Trainee: 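Have a look at this one.
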Amino acid sequence: MMSLSRKAQGVTPSATLAISAKAKAMQAEGHDVIGFGAGEPDFDTPENIKDAAKAALDAGYTKYTPASGAPDLKAAVAARYERTHGIPYGADQVVVSCGGKHALYNIFQAICDPGDEVIFAAPYWVSYPEMVKLADGVPVAVSTSAADNYTLSADAIAAHLTDKTKAVIINSPSNPTGTMYTREQLEGIADLALERGFCVISDEIYDEMVFEGSSFESIATLRPGMDKQTLIINAVSKTYSMTGWRVGWTVGPADVVKAMGGIQSHSTSNPTSIAQAAALEAITGPQDAVPMMLSAFQTRRDAISKLLAEIPGVTYAKPEGAFYIFPDFSAHFTGDIKGSNDLAIHLLDTVQVALVPGGAFGDDRCARLSYATSMDNIEAGVERIARALA
Ligand SMILES: *Cc1c(COP(=O)(O)O)cnc(C)c1O
């Protein structure tokens with residue numbers, strides 16, 4: 001018998017998979033399942049981006065690029081941050097990875113020694129704790145609630161700092177809640193980071209997916225010198241509806257970026273050359289698809305919020321970006337429904353609606369609904385949920 005490593009045994013496989021596998025199986029059997037599980041935009045990748053990939057393929061752009069990413073893409077990413085963040089990053093401060101997830105994974109590999117602690121808000125994106133553990137770090141999930149918009153205050157972070165604290169993760173807008181940090185909150189966290197010397201990992205994957213009335217701020221820009229202590233991650237995945245292409249990046253201090261490139265050179269090497277060419281077009285080409293998708297998500301956010309608010313006992317923090325809402329269903333936990341997983345199974349069994357149990361994100365009172373789906377599905381799906389909970 002081959003025995004598994006302690007690390008492999010310590011990884012929690014995605015708890016969301018069981019529900020989505022069941023939903024898929026039911027769909028395959030011909031059941032009319034309405035899915036709110038999607039973690040990706042429902043639009044096609046814009047035409048100009050697909051054309052750039054086809055052109056790259058035809059031009060023979062099919063060989064290795066440098067392991068840390070193609071020089072033209074790195075330069076374009078650096079220029080993008082000069083434009084959006086007002087910080088003159090150099091191309092040596094950019095490493096291109098196989099999606100935002102891979103960028104985050106390599107960050108923890110590069111900065112964590114055994115026992116180093118990484119603080120983040122719960123509910124959290126499912127991969128944060130597992131990635132930290134895979135880097136021999138210790139995840140420190142700090143509970144937040146709808147009342148504080150699911151954000152961490154500087155005080156809450158300060159209360160969890162130890163001499164082992166290596167980094168704090170900020171994800172704004174957030175997956176799974178869609179909520180955002182205010183500028184004042186981020187300034188407070190930046191002041192604390194500068195005073196106490198921890199690094200901030202700013203997961204900015206939804207920075208261009210922010211609705212009217214809110215605005216994106218990067219913590220890296222809010223205090224002089226904060227960029228030297230911040231690792232920004234982003235990807236083309238969500239903004240350009242390119243989840244399958246697998247291109248993301250980290251922007252930050254050159255020494256960390258270089259270490260990440262080194263790690264990458266012994267694992268994946270470069271992201272697919274053709275996908276990098278497509279990402280270059282995504283960043284530098286026409287941007288009109290971005291506001292088009294954003295406007296559709298805002299219309300759907302308005303619709304799903306209104307419909308969910310009409311269900312007695314269901315509450316939520318209003319999403320300001322991304323394409324998720326994270327309602328609290330705990331008022332309906334009775335009888336056999338003891339938590340979010342039971343609720344998800346109940347909704348799937350009784351009214352054929354699939355959503356993701358909040359337990360997977362560290363908050364068992366809630367469930368995540370993605371509104372990256374049609375308005376018809378939103379209306380019919382929430383009506384079914386209301387019926388099942390009545
Ligand atoms: C989708 C997502 C990512 C990364 O996605 P990739 O598909 O790997 O580019 C990172 N963080 C959050 C919060 C996400 O929702």
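In this text the structure is predicted, and so the values were computed from the model without any measurement.
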Trainee: Is it the case that more than 12 heavy atoms not belonging to K318 sit under 6.0 Å from its NZ atom?
Mentor: no

Trainee: Please check if the number of heavy atoms outside E212 that lie under 6.0 Å from its CD is greater than 12.
Mentor: no

Trainee: Mind checking whether V251 and I107 sit in one hydrophobic cluster, side chains of I, L, V, M, F, W, Y counted as touching below 4.5 Å?
Mentor: no

Trainee: Does a side-chain heavy-atom distance below 4.5 Å link V118 with V138?
Mentor: no

Trainee: Cluster question for you: counting only ILVMFWY and a side-chain heavy-atom cut-off of under 4.5 Å, with indirect links fine, are I378 and V351 together?
Mentor: yes

Trainee: Between R196 and D163, does any NZ, NE, NH1 or NH2 come within less than 4.0 Å of an OD or OE carboxylate oxygen?
Mentor: no

Trainee: Using the side chain to side chain donor-acceptor pair (under 3.5 Å) definition, which of the options Y128, W125, Y124 pairs with D203?
Mentor: Y128

Trainee: Quick one: pull up CG in L369 and CD1 in I34 and give me the separation to the nearest 0.5 Å.
Mentor: 11.0 Å

Trainee: Might you point out which heavy atoms bring E281 and P286 nearest each other, and give the distance in Å?
Mentor: OE2-CD, 3.6 Å

Trainee: When rounded to the nearest 0.5 angstrom, what distance separates CD1 in I111 from SG in C199?
Mentor: 4.5 Å

Trainee: Report the C-alpha distance between R80 and E208 in whole Å, list the side-chain angles of each, state the deciding distance to 0.1 Å, and finish with yes or no for salt bridge (Lys or Arg N to Asp or Glu O under 4.0 Å).
Mentor: CA-CA 12 Å; R80 188 254 195 212; E208 300 212 46; 3.1 Å; yes

Trainee: Using 30° and 60° as the class limits, which term best fits the ring planes of F361 and F326: parallel, tilted or perpendicular?
Mentor: perpendicular

Trainee: Within the side chain of R301, is there an N or O that forms a donor-acceptor pair under 3.5 Å with the backbone of P319?
Mentor: yes

Trainee: Tell me whether K101 at atom NZ has more than 12 heavy atoms from other residues, nucleotides or ligands lying less than 6.0 Å away.
Mentor: no

Trainee: I'd like to know whether L73 forms a side chain to side chain contact (heavy atoms under 4.5 Å, CB included) with I283, so could you lay out the CA-CA distance, the side-chain angles of the two residues, the decisive distance to 0.1 Å, and finally the verdict.
Mentor: CA-CA 9 Å; L73 179 55; I283 298 174; 3.9 Å; yes

Trainee: Pick out which of F43, Y206, Y371 makes a ring-ring contact (aromatic ring centres under 6.0 Å, His included) with F323.
Mentor: Y206

Trainee: Under 4.0 Å between a side-chain nitrogen and a carboxylate oxygen: does that hold for D42 and R300?
Mentor: yes

